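Worksheet for the structure shown next.
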Amino acid sequence: MDQIAGFYFCHCPDMQLAKEYMDNSYISAFGETWIQAEKRNFWNEDIQNYLSALDTITFETKNKIFYIRNAHELTLEQWKKISQALGKPRPDILSVFFLNNALDKGKLKVPQSVQKLKCFEFAQKKGWIFESLGVTDKNFVQILKNEAKSKYNLTLSNEVCAVLKDILSPDYNSINNILAQLSLVTDENLQGEVSANVIAQLTNYSPELVWFNVIDKIEAGKSAEVWKLYFKASNQIDDSSLFPFIALMMREMRTLWKIKANEQVFLPTSQIANKTNIAAKLGFTNIAKIISLLCFAEYAVKSGKKKSVETLEELIKDSIKIFTKDSSQLPTLYAVNAENSHGS
């Protein structure tokens, strides 16, 4: 590879995995001037700004990389303008188009608006395309093991992989985040071998925990059953219980957000209809409210403003209110946010 591509297509439902390939496999192969290139992100509503940036001539000598996010949502008219602009190549600019549309019956399918573009056909001839199914149920463990070994020199047993597969979202970002944490806590004397005990300590993972059932009852709006489960498990609940709940709830909100946004998610067939219904009822606004609750709950405890168990109970109460569309005040969110605002 003597010269970097004029533009590049990344066709993969997992945006982070595609970006990892571009940054650490493709772009890095062209040396320091491209590794240190100025990077800018553009979204489908920013296309006019992207075209203007593509056309702007400056006296700077620094290379530029333009990442066009959610390019699969661009209209045919937008693509025609882009294709025409790419016909005048700039040696100092690399445009990367991320096509993150969901798999079609388990296979990659190029959007109709892209298939017959001259720029896409040219990219196919030049090999300027990265294609990947992303993280799937079939390749999850293999990707997990490969990333652990290549990036962090960690060795994961089948037992550890099974636990991680059960608790992680099936996406590259989740895999990379947990591996980064494991690299910090794994005993060097074990030569990079991760034990099940380390996973348990790091994630507070335990199949006996009731949080999965509590979240199911919250989503169903069954507050009486939520508290019945909570008090039944009260002997297990202590100051360390809040953060596992936040982690599981955050994972659930990410899943519901993806469903609402028509992005790819991996769920047992038996859960798809129910989760789709929950995502539709909540909508983006209420999902965002719960994410805010989770963030402020974490802030409240870590800043010393609230105690852990007290915050956990408030968080559960507030979450139930959102799911049952109770319009009364949300104390955890607003009280902590108000204190934070006055202090800033």
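For the numbers below, each heavy atom of this structure counts, side chains included, while hydrogens, waters and symmetry mates do not. It should be emphasised that the depicted structure is a prediction, and the values quoted were computed from it without experimental measurement.
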Using the test salt bridge (Lys or Arg N to Asp or Glu O under 4.0 Å), find all partners of [X] that sit at least two apart in sequence or belong to another chain.
X: Lys258; result: Asp171
X: Lys302; result: Glu298
X: Asp23; result: Lys19
X: Lys165; result: Asp137

Can you tell me how far the [atom1] atom of [X] sits from the [atom2] atom of [Y], to the nearest 0.5 Å?
X: Phe9; Y: Ile129; atom1: CZ; atom2: CD1; answer: 7.0 Å
X: Ile47; Y: Leu74; atom1: CD1; atom2: CG; answer: 4.5 Å
X: Leu256; Y: Met249; atom1: CG; atom2: CE; answer: 8.5 Å
X: Lys317; Y: Trp227; atom1: NZ; atom2: CH2; answer: 6.0 Å

Problem - Sole residue of Trp43, Phe130, Tyr67 in ring pair (Phe, Tyr, Trp, His ring centres under 6.0 Å) with Phe98 - result: Tyr67

Contact between [X] and [Y] at the side-chain level, heavy atoms closer than 4.5 Å - yes or no?
X: Val96; Y: Ile68; result: no
X: Cys119; Y: Phe7; result: yes
X: Lys260; Y: Phe284; result: yes
X: Leu293; Y: Leu315; result: yes

Handout entry: Test side-chain contact (heavy atoms from CB on, under 4.5 Å) applied to Lys217 and Leu229, step by step
Key = CA-CA 9 Å; Lys217 299 302 182 186; Leu229 285 169; 3.6 Å; yes

Handout entry: Pairing of Lys228 and Glu225 as salt bridge, 4.0 angstrom limit
Key = no

Problem - Salt-bridge present (Glu121, Lys126; N to O < 4.0 Å) - result: no

Handout entry: Partner set under side chain to side chain contact (heavy atoms under 4.5 Å, CB included) for Arg40, not counting sequence neighbours
Key = Glu38, Phe42, Ala53, Phe66

Practice task
List the atom of Phe30, the atom of Ile4, and the distance in Å for their closest heavy-atom pair.
Solution key: CE2-N, 3.3 Å

Practice task
Give the minimum heavy-atom separation between Val110 and Gln115, together with the two atoms involved.
Solution key: O-NE2, 2.7 Å

Answer with yes or no whether the side chains of [Y] and [X] bring together a donor and an acceptor at under 3.5 Å.
X: Tyr8; Y: Tyr21; answer: yes
X: Lys145; Y: Asn158; answer: yes
X: Asn177; Y: Gln181; answer: no

Exercise for the section: Could you check whether the rings of Phe97 and Tyr50 sit parallel, tilted or perpendicular, using 30° and 60° as the cut-offs? Expected result: perpendicular

Practice task
Report yes or no: does Arg90 contribute a side-chain atom to a donor-acceptor pair with the main-chain N or O of Leu54 at less than 3.5 Å?
Solution key: yes

Handout entry: Donor-acceptor contact present, side-chain Ser303 to main-chain Ala300, <3.5 Å
Key = yes

List, one per line, each side-chain donor-acceptor pair under 3.5 Å for residues 101-109, sequence neighbours excluded.
residue	atom	partner	partner atom	Å
Asn101	OD1	His11	NE2	3.1
Asn101	ND2	Lys109	O	2.7

Problem - Verdict with supporting geometry, Glu147 and Tyr152, side chain to side chain donor-acceptor pair (under 3.5 Å) - result: CA-CA 7 Å; Glu147 290 296 305; Tyr152 302 99; over 6 Å; no

